[in-house]
Amino acid sequence: MRRAPNAIFKSLADPTRRALFERLSHEGEQTVRVLTRHSGVSQPAVSKHLGVLKRAGLVRARHRGRQTHYRAQPRGLAPLVDWMSYYSRFWHDQFDRLEDLLERMDE
Amino acid sequence: MTTPATRSLMIEKELPYSPEKIWRALTQGSLIKEWLMDNDFQPVVGHKFNFRSTPAPNWNGVIDSEVLVIEPNKKLSYRWNALGLESVVVWTLLPTSGGTLLRMEHSGFRSDQDAAYKGASYGWQKFIGGLERLVASLQ
C-alpha cells in the first residue's frame, strides 16, 4: 500500500523513531525489549513509536509468544525517493519555462 | 561541521541574458508567477510568503516560504516547506562572457549556521546520508 510522503516524513521527524528505524535497518529484526534497551526511553514509549512507524509502512511486526519482533521495511521509503525525482522533473520543467519567459521579456 | 553528503538537487545552465534581467524574472512576483507559481514574494530578507500551485491528493498545493538571502543580481534564497519537509532553494547568478551562469540548488537542509535550525536539521542530514545507501541496497 502506498503512503503519502508526509506520513513518512512525520514519522521520521522524531529523533527517537529515526533511531529505531535506523537500528532496525542496520541490525535486522529485533524485539521490543532489545530495542528498548538501546533507545533510552521506556518500553511503552518504544511500542508507541514503533506503532507510528508501522502505520507509515516503515516497519513490520511479527508476534512470537509474548515477544513482538520488528523488522524495517526499507521499501516504505519509496515515496520519499519519488519526492526527489518529482522535484528533479519539476525544476527542469520550471527552468524551461523561465527560459521561455526570458525570451519574451524586454531587456 | 556539516556533512557534504546531504541530499540536494542542482541544476546549472548558461543563459544568453544579463544577470539583471534574470534577477527580475526571479524576484518580481508577476514574473515569478509566469514560470514558477502564484506567490506573494517580496525581495526582502525575512519576508514570509507562499507559493501556490494546484492542490493534489494529500496536499493543498501551498508551499510555505521565507526569504533568506537577497543579494541583487547575485544570489537569492528562500525556504521551501511543503509536505512536512523543510527545504531551501538557492539561486546563484554568475556573469559570463556570453551571459549568465544560472544555478539552482534545492536541498533538504540549510547549510548555514542558524543555531535554532541546526539541531533539527542535523538528524535529517544524517538520516538522508544513510538513505542513499539503504535505497541502493534495495536492488
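Chain identifiers are assigned alphabetically (A, B, ...) following the order of the sequence lines, protein sequences preceding nucleic acid strands; residue numbering begins at 1 within each chain.
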Checklist entry - Would B/Leu31 and A/Met105 count as a side chain to side chain contact (heavy atoms under 4.5 Å, CB included) if you check the C-alpha gap in whole Å, the side-chain angles of each, and the deciding distance to 0.1 Å? => result CA-CA 9 Å; B/Leu31 294 176; A/Met105 271 168 69; 4.0 Å; yes
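In the hydrophobic clustering of ILVMFWY residues, with side-chain heavy atoms under 4.5 Å counting as a link, A/Val52 and A/Leu50 come out apart. A/Leu58 and A/Val41 end up in the same hydrophobic cluster when Ile, Leu, Val, Met, Phe, Trp and Tyr side chains are linked at under 4.5 Å. A chain of hydrophobic side-chain contacts below 4.5 Å, direct or via other Ile, Leu, Val, Met, Phe, Trp or Tyr residues, connects B/Ile63 to B/Phe49. One hydrophobic cluster, built from ILVMFWY side chains closer than 4.5 Å, cannot hold both B/Met10 and A/Trp91; they sit in different ones. B/Tyr17 and B/Leu94 are assigned to two separate hydrophobic clusters, defined by single-linkage of ILVMFWY side chains at heavy-atom distances under 4.5 Å.
Distance CD1/B/Ile22 to CG/A/Leu101: 10.5 Å, rounded to 0.5 Å. Annotation: the span from B/Trp35 atom CH2 to A/Glu99 atom CD amounts to 11.5 Å, rounded to 0.5 Å. With rounding to the nearest 0.5 angstrom, the CD1 atom of B/Ile32 is 12.5 Å from the CD atom of A/Gln94. Atom CE of B/Met37 sits about 3.5 Å away from atom CZ of A/Phe90, to the nearest 0.5 Å. Note that NE2 of A/His92 and CE of B/Met104 are 8.0 Å apart. Values are rounded to the nearest 0.5 Å.
Residue contact with chain B, scored on non-hydrogen atoms closer than 4.5 Å, involves the backbone and the side chain of A/Leu98 alike. Within the 4.5 angstrom heavy-atom criterion, only side-chain atoms of B/Leu15, from C-beta onward, approach chain A.
Every pair passing salt bridge (charged side-chain N to carboxylate O under 4.0 Å, His left out) that includes a residue from residues 27-40 of chain B is listed here, sequence neighbours excluded: A/Arg104-B/Glu34.
When the shell of 6.0 Å around CZ of A/Arg97 is examined, it contains more than 12 heavy atoms from other residues, nucleotides or ligands. For CZ of A/Arg60, the number of neighbouring non-hydrogen atoms (other residues, nucleotides, ligands) closer than 6.0 Å is 12 at most.
Classified by interplanar angle (parallel below 30°, tilted 30° to 60°, perpendicular above 60°), the ring pair A/Phe95/B/Trp91 is parallel.
Across all their heavy atoms, A/Leu102 and B/Lys21 have their closest contact at O-NZ, 2.8 Å.
Side-chain atoms of B/Lys13 do not come within 3.5 Å of backbone N or O of A/Asp96 as any donor-acceptor pair.
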